[in-house]
Visitor: 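The structure is given below, and queries will be raised subsequently.
Not measured: the values here are computed from a predicted model. In what follows, residues are counted from 1 in the order of the sequence shown.
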Amino acid sequence: MGEQVLELVLPATCAGCGAPGAPCCPGCLADFCGPRQVARGPTAGAGVYALARYEDTARRLVLSYKERGRRDLAPQLGGVLAAALPYLPEARPDDDGVWWLVPVPSRRVASRVRGGPHMRRLARSCAAALAEQGRSAAVAPALRLTSGVRDAVGLTRAQRAANLAGRLRLDPRGLPPPRTPLILLDDVITTGTTVAACARTLEEGGYPVAAVLSLTAAG
């Protein structure tokens, strides 16, 4: 209720350029112009894609959503993921036509600061946008991080791998049916270590990862 009142008093401005009228204007949203394959792949057979480089406007939008409380960006950022997902060569729904989306998990302390798991919220927005396209979609929060995981900012690839070792688990509460093809969603791919660990954990548990889709990728 408080957020709705605040929106009436302070109309939305674009988190990318500051233009009034919407959380993200069409010009800034266009920076997520389409999927490009990222060389850093988690496993054989799973394509890894990003919609923009992690720089300039795209970086500002991701940081505004992730770190600066702009949760109103979720529908639009989820929408660009949904627009790209059906056109990834490896991505596919299950036999019933349902697209299963698995958000990359966050540390508990980070989720508390961000008002909840930000990637789960983004996955739900993506699923809603897919439903508007006439495609069935479900969010499967199938992964969780145990205690002891550090913030990965500034860590090398080897340090990131060590940081996650033994601390990434399947979450029985969010698992889809066995052998369901999954789409792993992330916001930023830096070294590829995190999505690789997520894909490996899922596949070792019997859940094939068909594709990885991220809003942005470094480099």
Visitor: Give me the atom names and distance for the closest heavy-atom approach of Ile189 to Val212.
Guide: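 Scanning both residues completely, I find the closest heavy atoms to be CD1-CG1, 4.4 Å.
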Visitor: For Asp94, which residues count as a side chain to side chain contact (heavy atoms under 4.5 Å, CB included) partner, sequence neighbours excluded?
Guide: Asp96, Val98, Trp100, Thr180, Pro181
Visitor: Who pairs with Asp187 by salt bridge (charged side-chain N to carboxylate O under 4.0 Å, His left out), at least two apart in sequence or on another chain?
Guide: Lys66
Visitor: Is there a side-chain contact (heavy atoms from CB on, under 4.5 Å) between Gln37 and Val48 once you walk through the steps?
Guide: CA-CA 6 Å; Gln37 191 154 17; Val48 184; 5.7 Å; no
Visitor: How many angstroms lie between atom CG of Leu63 and atom CG of Leu73, to the nearest 0.5 angstrom?
Guide: 11.0 Å
Visitor: For the pair Arg36 and Arg53, evaluate side-chain contact (heavy atoms from CB on, under 4.5 Å) and give the outcome as yes or no after the intermediate values.
Guide: CA-CA 9 Å; Arg36 63 181 180 91; Arg53 295 186 184 277; 3.5 Å; yes
Visitor: Can you list everything that forms a side chain to side chain donor-acceptor pair (under 3.5 Å) with Ser64? Sequence neighbours excluded, please.
Guide: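 Ser64: no side chain to side chain donor-acceptor pair (under 3.5 Å) contacts found.
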Visitor: Which heavy atom of Pro176 sits nearest a heavy atom of Leu182, and at what distance?
Guide: CG-CD2, 3.7 Å
Visitor: Check each of Gln76, Arg70, Arg121 against Tyr65 using the side chain to side chain donor-acceptor pair (under 3.5 Å) test, and report the only one that passes.
Guide: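 When Gln76, Arg70, Arg121 are each tested with Tyr65, the side chain to side chain donor-acceptor pair (under 3.5 Å) holds only for Arg121.
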Visitor: Report all side-chain donor-acceptor pairs from residues 18-27 shorter than 3.5 Å, counting only partners two or more places apart or in another chain.
Guide:
none

Visitor: With rounding to the nearest 0.5 angstrom, report the SG to CG distance, Cys126 to Leu77.
Guide: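 That separation rounds to 11.0 Å.
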Visitor: Please tabulate, for the side chains in residues 132-141, all donor-acceptor contacts under 3.5 angstrom to protein atoms that are two or more places apart in sequence or on a different chain.
Guide:
unit_1: Gln133; atom_1: OE1; unit_2: Arg135; atom_2: NH1; d: 2.6
unit_1: Gln133; atom_1: NE2; unit_2: Ala82; atom_2: O; d: 3.2

Visitor: Who passes side chain to side chain donor-acceptor pair (under 3.5 Å) against Asp171, sequence neighbours left out?
Guide: Arg173
Visitor: Locate the shortest heavy-atom distance separating Ile183 from Arg92; write the atom from each residue and the value.
Guide: CD1-N, 4.2 Å
Visitor: Kindly give the heavy-atom pair with the smallest separation between Thr57 and Gly16, and that separation in Å.
Guide: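 For Thr57 versus Gly16, the nearest heavy atoms are CG2-CA, 4.3 Å.
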Visitor: If the condition is salt bridge (charged side-chain N to carboxylate O under 4.0 Å, His left out), which residues does Arg124 pass it with, not counting sequence neighbours?
Guide: none
Visitor: With the side chain counted from C-beta on, respond yes when Leu130 and Leu81 share a heavy-atom pair under 4.5 Å apart, and no when they do not.
Guide: no
Visitor: For side-chain contact (heavy atoms from CB on, under 4.5 Å), just list the numbers for Arg169 and Thr201, CA-CA rounded to whole Å, side-chain angles, deciding distance to a tenth of an Å, and then say yes or no.
Guide: CA-CA 7 Å; Arg169 308 284 176 78; Thr201 299; 5.8 Å; no
Visitor: Using side chain to side chain donor-acceptor pair (under 3.5 Å) as the criterion, list what pairs up with Trp99, not counting sequence neighbours.
Guide: none
Visitor: Considering residues at least two apart in sequence or located in another chain, which fulfil the side chain to side chain donor-acceptor pair (under 3.5 Å) criterion with Arg59?
Guide: none
Visitor: For residues Leu184 and Leu143, determine if any side-chain heavy atom of one lies less than 4.5 Å from a side-chain heavy atom of the other.
Guide: yes
Visitor: Which pair of non-hydrogen atoms, one from Leu101 and one from Leu185, has the smallest distance, and what is that distance?
Guide: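 The pair with the smallest heavy-atom distance is CB-CD1, 4.0 Å.
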Visitor: Considering residues at least two apart in sequence or located in another chain, which fulfil the side chain to side chain contact (heavy atoms under 4.5 Å, CB included) criterion with Thr216?
Guide: Phe32, Ala52, Tyr54, Ala58, Val62, Val188
Visitor: Would you give the length of the straight line joining atom CZ of Arg60 to atom SG of Cys17, rounded to the nearest 0.5 angstrom?
Guide: 8.0 Å
Visitor: Run the salt bridge (charged side-chain N to carboxylate O under 4.0 Å, His left out) test against Arg179 and tell me which residues pass, sequence neighbours left out.
Guide: none
Visitor: Checking Leu88 now: which residues fulfil side chain to side chain contact (heavy atoms under 4.5 Å, CB included) with it, not counting sequence neighbours?
Guide: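 Partners of Leu88 by the side chain to side chain contact (heavy atoms under 4.5 Å, CB included) criterion, ordered by chain and then number, come out as Pro35, Tyr49, Ala91, Ala211, Leu213.
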Visitor: How close do Leu168 and Pro105 get, counting heavy atoms only, and between which atoms?
Guide: CD1-CG, 3.9 Å
